[in-house]
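Some notes on the structure that comes next.
Computed from a prediction, not measured in an experiment: that's the story for all the values here. Position 1 is the first residue of the sequence; numbering continues from there.
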Amino acid sequence: VVREYERAVVFRLGRILSKKAKGPGLILILPCTDTFVKVDLRTVTCNIPPQEILTKDAVTTQVDGVLYYRIHSAVSAVANITDVHAATFLLAQTTLRNILGTQSLAQLLAGREEIAHSIQAILDSATEQWGIKVARVEIKDVRIPVAMQRAMAAEAEAAREARAKVVAAEGEMNASKALKQASMVLAESPAGLQLRYLQTLTTLAAENNSTIVFPLPINILE
C-alpha cells in the first residue's frame, strides 16, 4: 500500500516497470521478480549550516540558510543518483559559498532576497535531472566579526554626527535670517522694541523669582 504523498518505483528483473512510478493506493508486486523503492514527495526542509565565506571585499563572514525542495519525479530521483537528499544538501552548501564569494559585504547585507533568488535558480537547474524542484531558498543569518561590527558602528555613528551638524548649521542659518528680518522690523519702530522689552520682563516675572531686570538699550552705549 502506497500512501497519498508517496510513490513506488517498481523494478522487475532490474528494469523500471512501465518507466513511471506507481501509486498512491494498492499496487501488486510479484514475489522474487519485483523489488520497489518508496519515494516521499513531500517538501523537505534542509538547514544549511553556517558557511565561513570570504566576501569580495575580503571580509570573513559566516552565513547560514534554509532550503525547501521536493521530489517531482520519483523515477529520476531513484535511477539518476545514489542519494538524492545528500547530493542536494552538499550542492546547496557549495552553491551558497560560490555565490556569496562574489558579493561584497554591503551587497550581502542589503540584497539577501536577490542572492536567495539566484541561489534558487542555480540549484533548480542543477537538480532538474535528479527529479528535484527547489521551492525556496532563504538566508537566515549573516555573522560578522566583532572588530568589523565595531568599525561599522563607528562609521554609522560618524555619519549620523555629520548629518546632525549639517542640520544644526542649517537651523542656525535659518534662525539668523529670521533674526535679521525681526531686527529690520524693530528698527523701523522704536516703540516695538520697547514692547519687546516689556514682553521679556513679563516672561521673567512669571518665574516667581526675586531678580529685578532693567533693560538697557544697546544704543545708549554709543
Side-chain angles (χ1 to χ4, degrees), residues 1-56 59-105 107-143:
V1 176
V2 181
R3 296 182 178 89
E4 183 67 31
Y5 54 85
E6 293 177 336
R7 296 296 182 271
V9 181
V10 181
F11 292 88
R12 178 166 295 172
L13 298 177
R15 293 180 178 273
I16 297 178
L17 192 63
S18 302
K19 298 299 180 181
K20 63 180 181 179
K22 304 294 184 180
L26 183 66
I27 63 173
L28 298 178
I29 300 296
L30 299 180
C32 301
T33 61
D34 292 354
T35 58
F36 68 95
V37 179
K38 283 186 179 181
V39 178
D40 197 331
L41 302 183
R42 291 177 293 183
T43 299
V44 179
T45 304
C46 176
N47 287 320
I48 304 175
Q51 304 293 311
E52 189 169 352
I53 298 167
L54 185 65
T55 60
K56 187 178 180 180
V59 178
T60 303
T61 59
Q62 286 188 345
V63 183
D64 57 352
V66 183
L67 171 66
Y68 300 91
Y69 68 92
R70 61 180 178 85
I71 298 176
H72 70 87
S73 176
V75 174
S76 299
V78 172
N80 293 346
I81 192 167
T82 304
D83 190 343
V84 64
H85 297 290
T88 304
F89 175 69
L90 294 176
L91 183 61
Q93 291 188 43
T94 55
T95 304
L96 180 66
R97 296 174 66 91
N98 293 336
I99 292 296
L100 297 183
T102 61
Q103 305 290 326
S104 64
L105 180 61
Q107 293 173 342
L108 176 59
L109 295 176
R112 292 190 183 187
E113 187 174 354
E114 292 78 6
I115 295 174
H117 285 316
S118 62
I119 295 175
Q120 177 183 349
I122 293 174
L123 288 176
D124 203 13
S125 61
T127 57
E128 180 66 26
Q129 60 180 349
W130 302 343
I132 295 293
K133 175 62 179 176
V134 179
R136 191 177 184 88
V137 177
E138 292 290 343
I139 297 177
K140 290 198 302 184
D141 190 17
V142 178
R143 300 175 185 174

What residue pairs, at least two apart or across chains, pass salt bridge (charged side-chain N to carboxylate O under 4.0 Å, His left out) with a residue in residues 123-132? D124-K133

Atom of R70, atom of T43 and distance for their closest heavy-atom approach: CB-CA, 3.9 Å

From K38 atom NZ to R3 atom CZ, the distance as rounded to the nearest 0.5 Å: 5.5 Å

For A135, is there any backbone N or O sitting under 3.5 Å from a side-chain donor or acceptor partner on Q120? yes

Any side-chain heavy-atom pair from V9 and R7 closer than 4.5 angstrom? no

Return yes if some donor-acceptor pair links the side-chain N/O of T95 with the main-chain N/O of A92 below 3.5 Å, else return no. no

Please name the residue in the list D34, L17, V78 that meets the side chain to side chain contact (heavy atoms under 4.5 Å, CB included) test with F11. V78

Separation of L41 CG from E4 CD (nearest 0.5 Å): 9.5 Å

So OG1 of T61 and CD of Q103: to nearest 0.5 Å the spacing works out to 11.0 Å

I132 versus I71: any side-chain heavy-atom pair under 4.5 Å? yes

Got a sec: does the NZ of K20 have more than 12 other heavy atoms crowding it under 6.0 Å? no

Hey, does the side chain of N80 reach the backbone of W130 with a donor-acceptor pair shorter than 3.5 angstrom? no

Can you give me the closest heavy-atom contact between L108 and R112, atom names plus distance? O-CG, 3.4 Å

Looking only at heavy atoms, which two atoms of V142 and I139 are closest? And how far apart? CG2-CG2, 4.3 Å

What is the minimum heavy-atom distance between I81 and A87, and which atoms define it? CD1-CB, 3.2 Å

Spatial distance of atom OG1 (T35) from atom CG (L30) [nearest 0.5 Å]: 11.5 Å

N/O donor to acceptor pairs below 3.5 angstrom from side-chain atoms of residues 45-54, sequence neighbours left out:
| unit_1 | atom_1 | unit_2 | atom_2 | d |
| --- | --- | --- | --- | --- |
| Q51 | OE1 | R97 | NH1 | 3.4 |
| Q51 | NE2 | P49 | O | 3.0 |
| Q51 | NE2 | Q93 | OE1 | 3.3 |

Are K22 and V2 packed together at the side-chain level, in the sense that at least one heavy-atom pair is separated by less than 4.5 angstrom? no

How many angstroms lie between CD1 in I119 and CG in L67, if you round to the nearest 0.5 Å? 9.5 Å

Are any non-hydrogen side-chain atoms of Y69 and T88 less than 4.5 angstrom apart? yes

Looking at Y68, does the NZ or CZ of R136 lie under 6.0 angstrom from its six-membered ring centre and within 45 degrees of the ring axis? no

Search all heavy atoms of A126 against all heavy atoms of L91 and return the closest pair with its distance. CB-CD2, 3.7 Å

For K56 versus S104, what's the shortest heavy-atom pair and its separation? CB-N, 3.8 Å

